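A short worksheet on the structure shown next.
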Amino acid sequence: MSGDYSHNDSQIDSGSRYNDSHKHKEKYKEKEHKHKEHKKDKDRDKSKYSNSEHKDYSEKKHKDKEKERLKHKDGSSDKPKDKYKDKEKRKEEKLYDGRLKKEKENGFASPLHVKSEPESDDFYLSPKSLKRERDDDDSEYKPKKMKVENEDKSEKKAKKRKQEDEVREKKTKDKKGEVADGKKKAKKEPEEKWKWWEEERYTDGVKWKFLEHKGPVFAPPYEPLPEHVRFYYDGKPMRLSPEAEEVATFFAKMLDHEYTTKDVFRKNFFKDWRKEMTSEEKGKITDLNKCNFTEMHEYFKAQSEARKQMSKEEKQKIKEENERILQEYGFCIMDNHRERIANFRIEPPGLFRGRGDHPKMGMLKRRIRPEDIIINCSKDSKQPKPPPGTKWKEVRHDNKVTWLVSWTENIQGSIKYIMLNPSSRIKGEKDWQKYETARRLKSCVDRLRAQYREDWKSKEMKIRQRAVALYFIDKLALRAGNEKEEGETADTVGCCSLRVEHITLHPEKDGQEFVVEFDFLGKDSIRYYNKVPVEKRVFKNLQLFMENKQPEDDLFDRLNTTILNKHLQELMDGLTAKVFRTYNASITLQQQLKELTTADENIPAKILSYNRANRAVAILCNHQRAPPKTFEKSMQNLQTKIDAKKEQLADAKRQLKSAKADHRVCKDEKSKKAMEAKKKAVQRIEEQLMKLEVQATDREENKQIALGTSKLNYLDPRISVAWCKKWGVPIEKIYNKTQREKFAWAIDMADEDFEF
DNA sequence: AGTCGGACTTAGGACCTTGGTA
DNA sequence: TACCAAGGTCCTAAGTCCGACT
C-alpha cells in the first residue's frame, strides 16, 4: 500500500494527460451548459444525497436537521462538532510507527526513472510539538550556515530596525535634497545589495513603517485615427465619435485573434461598444456583422511593422525614455530602501480577454482615471501628485497592507493593485516563509497521511469526504477548489468543487484495479486529465459519494475549502491546501535531482537532468502551455542539424582513421600532429552532436509543459542552489537575472548540503 | 455557518530582445 | 545581414485564503 503515494506511470506518461488539453476545451462547453441549467436546483438537492444510503452516518441528527437545512442555501448545518472534541487524542492513538508506514514523500514513478526512496529523517511529532514553537519559524529555517548569534538575534535585529528607522527619519527630514531625487539615490543604493533576510521581520501584521512613491503611470490618452483610416458600416465609410472609435480600435486590433470569432465575445463587445456610441451612431450601427474594421486593422499592423523597422537611434531613444519612466515611477522607498515596483503602469483600456469559456469575454475594460485610484503611502512621505487638474479617489496610510496603489476594475468589480517586485523584501520574506511552512509539513506529513487514511473509514460523511479530498490534494497536487460565482467566470474546478461528471470510476482498467479517471478544467481552463489507481477504500468512498447524484452535482457535497482548511489548520499551524502543492513540488524536485544527477556527466547533461526534474514537477502540477506554433518546424530544423552533424562526425572519423594510418607509416612529428588534430576535431564534433541531441530531447519533452511556473512559485530555490553548488553548475545556468534577483535570499543562504 | 470583499499568489499567453546561424 | 528560435519580460486573469460581518 505504501506504493499508493507514488504517481503511477499512467499519470505521467500517458500523453493524454496533456497532449490534447487545448483542443478539448470545446467539449466542455456542452457540459457546462448543462451544468448551469441544473445548478439552480442543485443546492436544494444537495441534502438529498448527503446520507441517503448510509445508516452509519449519524443519521438521526441528520434527519432532525433536514428541514432546517432546506431553509439554508447550503446543507451543512448538521456538523457534529462534538466529534472534534477528542480529536487530538484520537490523532495520537491512531498514529503508528512511522518506520513501518514509510512512504515516498511524493513518489513519482515516471518515464523519468523514479525510484521510491525512503525518507530518512522523518519523525513523528506529537500534536503539541507540532504547534509552532515560535511565531516566526525561526528555529527551523535558520540555515546551518548562519551564525549562532543570529539564532537569538531578536534583540539585535530589533535594534537594527530601530536604527534604520532613525536613519529614515533623518532622511525624511532632509529628503528634499536626497530621497526626492531618485537619481542620486539610484546611483548609491544598488551598489551593495541589501540582505533583508539577515534582518528581523515585522511580526505584528505591520508591513512597513515608511512608504513613499510617485503613484502610477497612466495609459497614454487615445489618439484618434488619421483621416484616411476609415471604418465602414454596411459597405459605406463612417466617421465615428472619438469614444466609439476608440472602442472600435480595440476590436480592430484583435481582428486576427480567435476571440473575435466567438459569439460571446462579439455579443459582449457589441453591447459595450454601443454604450459608447452617440445616439446617432447607435441608431445606425445595429449589426456587428455589417461592421468592417479591416482598414483600421491594417493601419495598426503597418504601425507595428514601422515600429520594428525603426532605426537604431530611434529605438535607443524609446529605450531611454522607458528607462527614465522606470527610474521615476518604477521604484519606491520602503523602510529606507529603494525597491522595485512590479506593475507601476495602470492597465490600459481594452476588451476583456477572459480565459477559457468566459461569459464576460469581449466586454469593455474601462480606462482608469486618477479619480479611480486609491493611493497608499505613509503619512510622513511625500505624497504622489495626481496629474494636473485631477484628483485621487483617496489617499490612505495603511501599513498593514503591501500595495501602493489600487483601483476597482469594472468587469468583475474586483480590486487591482500595484505592488512590489518579487525581489523586494516584502515579497521575498513571504516567499521564504511559504517554503518554511512546506518544510514543516514535511516533518508531519506522515502523521497527516495516516490520519486521513483513518478518516476514510469515518462514520461521518463529511469526514470521509474531507479525507478523500485531502488524499487527492496530496497525491495529485490538486488545487483546493473554491466555489465560484456562476455566470461570472469560466466553469472551472479544483478538488473541493469537483463534480460527479469530472470523474469516472473503473473497477478495473488496463490491468489495474480501482482506477479513477479525472477529466476537468482547472485554473485558466487548463484541462486536467489523469487516470490514477487508488486504494480500494478511496474507490469505495467515491462510489458512495456518487450514489444517487446527477453528473452536475458536487462530488464532495459536504465539503468546501473553508472546512478543509479549517481542518488542516488544526493539524498543523499555517497549513492550508496549497501548502501540499508547494511541499510535493519541492520534495519531488529534490528527489528527482538526487536520482537523475550523476557525477560523471558534463554540465549540459547535468542541466538536462535538472530540467527533467523540473519537468517532473511541472507534470505533477499540471503546468501546461500551448505548444509553440512553430514547434514542428523548429524540431525538424534541429533534426536536420543533427543529421548534418552526424555526417560531419562520420567524416571526421574517417579522416582520423586515415591520419592514424599515415602516422603508423611515417611515424614522424608532422603526421602525429595531424593525427592529434583530427582526434580533437572528432571530439569537438562529438560534443557538438551531443549538445544538439540533448537540446532535441529537452525540447521534445518540453513541448507542452511549462517549466517556469513551478520554478518560480513552487520549488524551494534553496534546493536548486544547493544542487548547483554541489555539482559545480553555475547558478546562471538555472536562474536568469530576474530569477536570481527574486531568489537572492536563497542564493545567499543555501549551501550545498541544504535539505528541503 | 455562510457570504463577501480584500489582499495576495499563481498562471499562461503576448510581446519584445537577444544571440546564434545560414 | 537577415532571419529565426529561445529566452526573457510584461501583462493581467484567475486562483487561494483570510477576516469582517451577518
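As the structure is a prediction and not an experimental result, all values here were calculated from the model. Throughout, protein chains are lettered first and strands after them, A, B, ... in sequence-line order, and every chain is numbered starting at 1.
Atom CE in A:M419 sits roughly 7 Å away from atom P in B:dT9 (whole-Å rounding). For A:K430 and B:dA7, the NZ to P distance is 12 Å, given to the nearest whole Å. Going from atom CG of A:L404 over to atom C1' of B:dA7 covers 13 Å, rounded to whole Å. If you measure from atom NZ of A:K711 to atom P of B:dA11, you get 16 Å, rounded to the nearest angstrom. Counting to the nearest Å, the C1' atom of B:dG13 and the CD atom of A:Q704 are 15 Å from each other. The CG-C1' distance, from A:L564 to B:dA1, rounds to 16 Å in whole Å. The distance between atom CG of A:N611 and atom P of C:dA6, rounded to the nearest whole Å, is 13 Å. Atoms NZ (A:K566) and P (B:dT3) sit 13 Å apart, rounded to a whole Å.
A:W403 pairs by the ring-ring contact (aromatic ring centres under 6.0 Å, His included) definition with A:Y417, not counting sequence neighbours. In terms of the ring-ring contact (aromatic ring centres under 6.0 Å, His included) criterion, A:F331 has no residue partners (sequence neighbours excluded). When the salt bridge (Lys or Arg N to Asp or Glu O under 4.0 Å) test is applied to A:R355, the partners found at least two apart in sequence or on another chain are A:D524. Residues satisfying the side-chain hydrogen bond (donor to acceptor under 3.5 Å, both in side chains) test with A:N482, not counting sequence neighbours, are A:T561. Among residues two or more places apart in sequence or in another chain, the side-chain hydrogen bond (donor to acceptor under 3.5 Å, both in side chains) test is passed with A:E647 by none. Applying the ring-ring contact (aromatic ring centres under 6.0 Å, His included) criterion to A:Y610, with sequence neighbours excluded, gives A:W723.
The phosphate of B:dT9 (OP1 or OP2) has no side-chain N or O of A:Y417 nearer than 4.0 angstrom. Not one side-chain nitrogen or oxygen of A:R396 sits closer than 4.0 Å to the OP1 or OP2 atom of B:dG6. Remark: A:H623 is not in phosphate contact with B:dT10, judged by side-chain N or O atoms under 4.0 Å from OP1 or OP2. For B:dC8, one of the phosphate oxygens OP1 or OP2 lies less than 4.0 angstrom from a side-chain nitrogen or oxygen of A:T402.
Counted by atom type alone, A:K484 and A:T492 present one or more donor-acceptor pairs between their side chains at under 3.5 Å. Side-chain contact check for A:Q624 and A:N622: at least one donor-acceptor pair (N or O, by modelled atom type) lies under 3.5 Å. Side-chain N/O atoms of A:D204 and A:Y202 include no donor and acceptor closer than 3.5 Å.
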Atom pairs, N/O to N/O, protein against nucleotides 19-21 of chain C, distance under 3.5 Å?
none

Please tabulate, one pair per line, each protein N/O and nucleotide N/O from nucleotides 20-22 of chain B that are separated by under 3.5 Å, including the distance.
none

Between the protein and nucleotides 9-16 of chain C, are there any N/O to N/O pairs under 3.5 Å, and if so, what are the atom names and distances?
residue: C:dT9; atom: OP1; partner: A:T738; partner atom: OG1; Å: 2.8
residue: C:dT9; atom: OP2; partner: A:T738; partner atom: OG1; Å: 2.2
residue: C:dA13; atom: OP1; partner: A:K365; partner atom: NZ; Å: 3.1
residue: C:dA13; atom: OP2; partner: A:K416; partner atom: NZ; Å: 2.3
residue: C:dA13; atom: O4'; partner: A:R355; partner atom: NH2; Å: 3.4
residue: C:dA14; atom: OP1; partner: A:R355; partner atom: N; Å: 2.6
residue: C:dA14; atom: OP2; partner: A:H358; partner atom: NE2; Å: 3.3
residue: C:dA14; atom: O4'; partner: A:D524; partner atom: OD1; Å: 3.4
residue: C:dG15; atom: OP1; partner: A:T492; partner atom: OG1; Å: 2.8
residue: C:dG15; atom: OP1; partner: A:D524; partner atom: N; Å: 3.1
residue: C:dG15; atom: OP2; partner: A:K484; partner atom: NZ; Å: 2.9
residue: C:dT16; atom: OP1; partner: A:A480; partner atom: N; Å: 3.3
residue: C:dT16; atom: OP1; partner: A:G481; partner atom: N; Å: 2.7
residue: C:dT16; atom: OP2; partner: A:N482; partner atom: N; Å: 3.0
residue: C:dT16; atom: OP2; partner: A:N482; partner atom: ND2; Å: 3.0

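Of the two residues contacting DNA chain B, namely A:E485 and A:K742, the nearest-nucleotide position lying further toward the 5' end is that of A:E485. Between A:T562 and A:I426, the residue anchored nearer the 5' end of DNA chain B, judged by the nucleotide with its closest heavy atom, is A:T562.
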Can you list, pair by pair, the side-chain donor-acceptor contacts under 3.5 Å of residues 345-353 of chain A, counting residues two or more places apart and other chains?
residue: A:E347; atom: OE1; partner: A:K365; partner atom: NZ; Å: 2.9
residue: A:E347; atom: OE1; partner: A:K416; partner atom: NZ; Å: 3.2
residue: A:E347; atom: OE2; partner: A:K416; partner atom: NZ; Å: 3.3

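The list of salt bridge (charged side-chain N to carboxylate O under 4.0 Å, His left out) pairs with a residue in residues 396-411 of chain A, not counting sequence neighbours, reads A:E394-A:R396. Counting only residues at least two apart or on different chains, the ring-ring contact (aromatic ring centres under 6.0 Å, His included) pairs with a member in residues 697-720 of chain A are A:H623-A:Y714.
Looking at the side chain of A:N713, the nearest of the listed nucleotides B:dC8, B:dT10, B:dG12 is B:dT10.
A:K207 comes within 4.0 angstrom of sugar-phosphate atoms only, judged by non-hydrogen atoms across all strands, and of no base.
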